[in-house]
Amino acid sequence: MTPHPSGWLTPRPEGLWCAPGGFHIDPVQPVAHAIVTHAHADHARPGHEHVLTTPESLAIMRTRMGEDRPAREQQELRYGEGLRIGDVEVRLEPAGHVLGSAQVVMEYRGSRAVVSGDYKRVADPSCAPFVPVACDVFVTEATFGLPVFRHPDPRGEIGRLLDSVRLFAERTHVVGCYALGKCQRLILLLREAGWDGPIYLHGALMSVCDTYERLGVPLGDLRAATGRARAELAGAIVLAPPGAIADRWARRLADPVVGLASGWMRVRQRAKARGVELPLVISDHADWDELCRTIDEVDAPEIWVTHGREEALIHWIEGSGRTGRALRLLGYGDEEEAPAAEGEGAAA
Amino acid sequence: MIAFATLLERLTLTPGRLAKLALLREFFRTEPDPDRGWGLAALTGTLSFPLAKPALIRALAQARTDPVLFEWSCDYVGDLAETVSLIWPARDDAFGRNSVRTPPMLAEVVDGLMHTPKAELPALLEGWLDASDPPVRYAILKLMTGALRVGASARLAKTALAELAGGSVSVDEIEEVWHGLAPPYAELFDWLEARGPRPDPQDAPVFRSPMLAQPLEAADIAALDYAAYCAEWKWDGIRVQLVSVPGGRRIYSRGSDDVSAAFPEIVEAMGFDAVLDGELLVIRDGEVAPFADLQQRLNRKVPGVALMEQHPVAVRLYDLLFEEGEDLRALPFEQRRARLEAWFATHRPPRMDLSAVIEAADFDTLSSLRDGARAASIEGVMLKRRDSPYVAGRPKGLWWKWKRDPLTIDAVVMYAQRGHGKRSSFYSDYTFGLWRDGAEGAELVPVGKAYSGFTDAELAQMDRWIRNNTTRRYGPVREVAPGLVLEIAFDAAQRSNRHKSGVALRFPRVARLRPDKPFEEADRLETLLRLIPS
Ligand SMILES: [Zn+2]
Ligand SMILES: [Zn+2]
């Protein structure tokens, strides 16, 4: 008889545990064998014995943590390639979240579970698009699990930024964005929209951009923002970690227009409370419609929700005739919600 | 509607006055007629749609969405219009695709809201929401319910219009025709863009920008040619302009708000053809009541009979601007004063009297009269140059205001914090600041903190304002956009190195709210620094 995934994939305090494979997925504590969906800090933690992830995620993890910190043994697995671990067939498929982000597809004695990590469905020039995989249990996040979260076309948001740059040509536009993923996506969206000139970066954003370029994602003319004269940055676009935009750092810029690129910017009070003058609703997490559409496409009879607003999503899942289960995994935050005081060090 | 929706969003989130002006100017410059005119009407609070109720919006959304998810969403977002704008599900066409629709023009929305019978409103609104994206839906819903709250005053919109005219028309000239105009203001834009003549307000009861006084400082006193001035008491009420012409009667605040409805007994008493400048006061048996009494009246848009009986208002007249169509503003003050006295003797309108001229042979006499005036209703004295014409704004050296002790300043609320005890649920502790010249134009610098001395109703009102105008949070402290002016009374100003402003106030307390005072006109830091005894 085919075993149900609930018999071989179980939530534990340190993360999702696959017993027949002997590994954890995105463990929040050091473990013997870790499979990591993507390089955001709350999914990719240092200090494991053995880690398996995509080559891109591994390269980014080494950049951010240091060469040896991800794990003593570091193993790469390309998208679509199969690997047997214990009694489990494992493969990684693109999740469309950030460069290298992957869904973990596991098959054990004819039953299949997919752990999607963080994901989104809209096109992102900085990473491979999400691939839906039919399965018995689909494990999803629910960061934007309320129907008020509907992300607009990011090209329209970039258009609003460029309109503002034209209108306030003497001011510096500083846009808060997370260092891994959002930053590079913004750069590529700006390039697509025809912004060929220099884009200035806060120091904390440089290293990941270098890694992206090394991994074959060209980002164009990037320059350091720090140490430049106020006048030089008038009319410029500066990207900075969310924590820096309301900080002393941004006050040195020329009468800055403060922007922030995040799915949370859909709600005005959020933008207002953070002192954001130009909210850009651009998210690397699925919005409500993408969550529902993905659940329909993978067509799993059972959906597990790891973290976020699971209550509303499970209400919808049950209404669609499926079984919903809240895993309530702890330790996963959301890089977009990093409070002003933290920014770069915060969870992703 | 798209440009208007974008404007609303940016105005709401933009703290700087100059940036707001740039956004308004851009809107008026690029948006075609008649939409820019309807946008102007919405921003200046000229539109209202009594049939469009929040209940209608809620019912429409509930019919389209899962009720549980809708309630949770309302709880999360905290604002009905915003929730509906975000949650509204796009309707697929027969092929399961989102068909491409064009959002309505602002003019279409205004026309629809004004002229559609109540029973047909839901279907109309539903069609608009289907055709729009969240920012446009939000703008439509906020326009309907009359709660734009964008933090841009009517005066700011008019200032942007003056800039649109490129210097050929001043904001005060716009004020002078404004109340004779109706949306969508085609004539006005023709004039501003030099395609048409100045709109002729004809008989309309329009507002004229008032003449204001400068504070008299110690340095000015030394240079003052006292003989050239007349002195009057400065009354502690609200400055009003009474306009009664064949085209109608209006009472305007000095900020050009039409406050006629709040003071019907004054409107009734305006059975003459003249434009007058005066101070609105609560007067009982000839005695001017404290400002708090007037505050009761100001709190109500339309007063009840009991309130009118208990808080009877009157106008103490300062100046005569027009008499039966004749513009007296170019005449010297002394001549206008003579005309005012003659006019008053002839008409004797009820609920009005003349603000007396103070007879004081020299400045020292005036000074001791000022110090001796103990009535709370007297703020100080005014000095008006005998030869001064009546000119809009605050011309230098023509009129002085010389406030008496205790020391007061008009300061702008910058930060608010929750109070203690019974006030712990309200933002009742305020940090206030004064203006100074910064590297990038005028900036506020904090000068002190005070606890409010308000009634619970006023406190609730303040609290709501704070919450709606928060720009940033630092733990329990909220930073608010400039907008709220408080009159702060204090015993002394002392030099201090511990304060960024260089000055510390002794026993500061909130004397009163100044809703009538534009925040740009709050006091400057130099004014306070000059009060420090050397
Ligand atoms: Zn992530
Ligand atoms: Zn995450």
Side-chain angles (χ1 to χ4, degrees), chain A residues 144-153 156-157 159-160 163-164 166-171 230 245-246 251-260 264-281 287-289 292 309 311-316 318-320 339-341, chain B residues 2-3 6 8-16 18-20 22-23 25-27 29-30 64-66 68-79 81-90 98 133-135 138 149 151 439-441 467-475 478-481:
Chain A
F144 292 112
L146 255 192
V148 291
F149 291 109
R150 294 199 152 92
H151 310 325
D153 187 335
E157 299 298 286
R160 295 198 309 115
D163 282 347
S164 185
R166 273 185 287 273
L167 181 59
F168 296 108
E170 297 310 307
R171 304 175 69 188
R230 190 182 282 250
I245 56 173
R251 266 178 245 149
R252 299 174 320 179
L253 303 170
D255 187 15
V257 176
V258 174
L260 182 60
W264 300 110
M265 291 296 103
R266 183 92 274 188
V267 179
R268 266 159 219 252
Q269 200 46 49
R270 287 252 184 173
K272 222 172 173 178
R274 295 200 54 173
V276 172
E277 192 171 334
L278 186 65
L280 301 176
V281 189
D287 70 1
W288 175 261
D289 291 331
C292 297
R309 308 196 155 266
E311 200 183 23
L313 189 60
I314 286 173
H315 173 84
W316 181 86
E318 305 262 324
S320 73
Chain B
I2 296 170
T6 307
L8 287 194
E9 174 168 316
R10 293 222 59 182
L11 285 177
T12 309
L13 296 173
T14 297
L18 285 178
K20 283 185 190 198
L23 292 164
R25 202 172 52 226
E26 180 72 1
F27 175 78
R29 195 177 64 76
T30 55
R64 277 276 189 113
T65 54
D66 179 301
V68 174
L69 294 177
F70 180 69
E71 283 315 314
W72 284 348
S73 296
C74 280
D75 288 348
Y76 177 79
V77 176
D79 177 89
E82 184 166 10
T83 307
V84 174
S85 75
L86 297 174
I87 203 174
W88 190 260
N98 286 352
D133 66 356
Y138 179 82
R149 279 212 207 95
E440 292 157 41
R467 288 170 197 276
N468 285 331
N469 290 278
T470 299
T471 53
R472 215 165 280 192
R473 291 188 204 187
Y474 306 95
R478 286 175 179 239
E479 181 178 323
V480 295

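Note on naming: letters A, B, ... go to the chains in the order of the sequence lines (proteins, then strands), and numbering restarts at 1 for each one.
- Using a 4.5 Å cut-off on side-chain heavy atoms (C-beta onward), A:P147 and B:S73 make contact.
- A:F149 is linked by a ring-ring contact (aromatic ring centres under 6.0 Å, His included) to A:F144, A:W264, B:Y76, counting only residues two or more places apart in sequence or in another chain.
- Taken to the nearest 0.5 Å, the CH2 atom of A:W316 stands 11.5 Å off from the CG atom of B:D66.
- Heavy-atom minimum distance, A:R268 versus B:T12: NH1-OG1, 4.4 Å.
- You'll find the side chain of B:R10 reaches within 4.5 Å of the side chain of A:V257, heavy atoms only.
- Minimum interatomic distance between B:L86 and A:R266 (heavy atoms only, all atoms of both residues): CD2-CG, 3.4 Å.
- You'll find the side chain of A:V267 reaches within 4.5 Å of the side chain of B:E82, heavy atoms only.
- Looking at A:Q269, its side chain never comes within 3.5 Å of a backbone N or O of B:G78 through a donor-acceptor pair.
- Counting only heavy atoms from C-beta outward, the side chains of B:L13 and A:P279 approach each other to under 4.5 Å.
- Taking CZ of A:F168 as the start and CG of B:L23 as the end, the distance is 4.0 Å to the nearest 0.5 Å.
- With a 4.5 Å cut-off on non-hydrogen atoms, A:V276 touches chain B through its backbone but not through its side chain.
- Legend: residues meeting side-chain hydrogen bond (donor to acceptor under 3.5 Å, both in side chains) with A:W288, ordered by chain and number and at least two apart, are absent.
- With a 4.5 Å cut-off on non-hydrogen atoms, A:R166 does not touch chain B at all.
- Heavy atoms closer than 4.5 Å to chain B are found in the side chain of A:R150, but not in its backbone.
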